[in-house]
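Below you'll find the structure, written out as structure tokens, and then a few comments.
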Amino acid sequence: MVRANGAVSLRELARVVQTSEVTVRRDVRALEAEGLLDRRHGGAVLPGGFTRESGFPQKSHLATAEKTAIADLAASFVEEGEAVVVGAGTTTQELARRLARVPGLTVVTNSLLVAQALAHANRVEVVMTGGTLRGSNYALVGSGAEQSLHGLRVTRAFLSGSGLTAERGLSTSNMLSASVDRALVQAAAEVVVLADHTKLGTDTMFQTVPTDVITRLVTDEPPSHDDRAATELQALADQGVHISVAGPGAGAPAGAGPGPEQVPQQQRRRDVPPLPGQRRTHHPHPPGAQPQGGGGAPSAPQLRSAGSLGAEPPTARVADLAPRRR
């Protein structure tokens with residue numbers, strides 16, 4: 001079970017094998033002595049599963065096609081003149097490369113890689129947090145990063161992480177990274193999570209974004225044999241998360257057809273909102289803060305509701321998952 005899921009609780013183990021948690025705890029201790037797993041409070045993981053984190057060189061070569069497709073789709077949600085925050089990660093780095101083409105954009109980030117991708121973009125302003133450099137993912141973390149985000153208000157936050165489940169939401173294996181990501185979330189009216197299918201159903205040590213705070217998940221199509229990812233997607237949709245799945249061709253390489261800047265947004269996504277009353281409302285802003293309206297390119301960041309993202313007509317580029325009616 002640990003090999004299949006990455007982690008398992010003692011309660012679940014006891015239920016499956018129909019014995020007491022005391023017995024399960026003793027057996028888990030014996031398996032740990034053999035080096036087969038690590039014990040954690042209330043459960044067990046693969047050795048280093050909750051705390052071990054791959055460095056940037058390893059992550060950058062994982063699911064590259066999926067990350068490209070996800071970044072193409074996520075970029076289509078950003079409009080001219082917006083202000084957004086972009087967290088650290090290899091998928092968000094891919095997103096930043098596409099945001100370089102959005103005029104009048106302001107990007108707040110704690111990632112050196114995101115800032116580097118936008119450094120030479122015309123009419124894109126990059127605002128970096130303070131903080132201490134974490135070399136494994138080139139991100140600024142710590143109290144300096146968190147304090148620099150106080151009082152910030154932007155349209156939406158784009159975040160990635162180590163795992164995503166319907167039960168706990170987005171999580172990461174590093175406490176300092178999790179703390180900064182939570183501060184990024186507090187600054188945004190909407191939260192967009194970028195996660196490829198390999199992260200679906202994976203739970204790691206530190207929760208960053210609870211499920212009821214996630215506005216939208218942008219992911220790729222899970223393989224037909226990956227029942228865990230498909231089940232997790234449906235569970236997230238049932239909890240009110242907008243699911244946008246990048247379809248074939250969303251991440252086509254250069255020379256293989258039109259790129260995202262050449263394909264109208266209507267051809268790259270459609271969105272099905274959650275069932276009314278099924279989702280708790282997240283209010284990252286103080287009482288009295290009202291969304292800004294108006295047409296055309298805004299001169300200041302516009303704060304919009306989660307439902308405002310779902311105005312595109314159906315297309316074949318993106319397959320969206322609607323909540324299941326009970």
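- Inter-residue side-chain proximity for His197 and Glu66 is flagged as met; some heavy-atom pair is nearer than 4.5 Å.
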Before giving the answer on salt bridge (Lys or Arg N to Asp or Glu O under 4.0 Å), spell out for Glu32 and Arg29 the whole-Å C-alpha distance, their side-chain angles and the decisive distance to 0.1 Å.
-> CA-CA 5 Å; Glu32 183 182 46; Arg29 189 179 297 115; over 6 Å; no

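- Within the 3.5 Å criterion, the main-chain N or O of Arg168 finds a donor-acceptor partner in the side chain of Gln207.
- A search for side chain to side chain donor-acceptor pair (under 3.5 Å) contacts involving Arg97 returns Glu94, not counting sequence neighbours.
- Scanning both residues, Asp220 and Val245, for their nearest heavy atoms gives C-CG1, 3.5 Å.
- Residue pairs meeting the salt bridge (Lys or Arg N to Asp or Glu O under 4.0 Å) criterion with at least one partner in residues 106-120, sequence neighbours excluded, do not occur; the list is empty.
- For Thr19, the side-chain contact (heavy atoms from CB on, under 4.5 Å) partners are Val17, Thr23, Val24, not counting sequence neighbours.
- At a threshold of 4.0 Å, the pair Asp196-Lys67 does not count as salt-bridged, since none of the basic side-chain nitrogens sits closer than that to a carboxylate oxygen.
- Side chain to side chain, Arg156 and Thr215 fail the donor-acceptor criterion of an N or O pair below 3.5 Å.
- Considering only heavy atoms from C-beta on, Leu170 stays 4.5 Å or farther from Val191 through its side chain.
- A search for side chain to side chain donor-acceptor pair (under 3.5 Å) contacts involving Thr231 returns nothing, not counting sequence neighbours.
- Considering Ser160, Ser171, Ser162 as possible partners of Lys199, the one that fulfils the side chain to side chain donor-acceptor pair (under 3.5 Å) test is Ser160.
- Distance check, rounded to the nearest 0.5 Å: CG of Asp238 to CG of Leu233 gives 11.0 Å.
- In this structure the side chain of Arg228 never reaches within 4.5 angstrom of the side chain of Leu200, judged on heavy atoms.
- Residues meeting the side chain to side chain donor-acceptor pair (under 3.5 Å) test with Ser179, sequence neighbours left out: Glu146.
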Could you walk me through whether Leu164 and Leu236 pass the side chain to side chain contact (heavy atoms under 4.5 Å, CB included) test, one step at a time?
-> CA-CA 9 Å; Leu164 178 65; Leu236 287 162; 3.9 Å; yes

Distance-only donor-acceptor pairs under 3.5 Å for side chains of residues 108-129, two or more places apart:
from, atom 1, to, atom 2, distance (Å)
Thr109, OG1, Val86, O, 2.7
Thr109, OG1, Ser111, N, 3.0
Asn110, ND2, Leu140, O, 3.0
Ser111, OG, Leu113, N, 3.2
Ser111, OG, Val114, N, 3.1

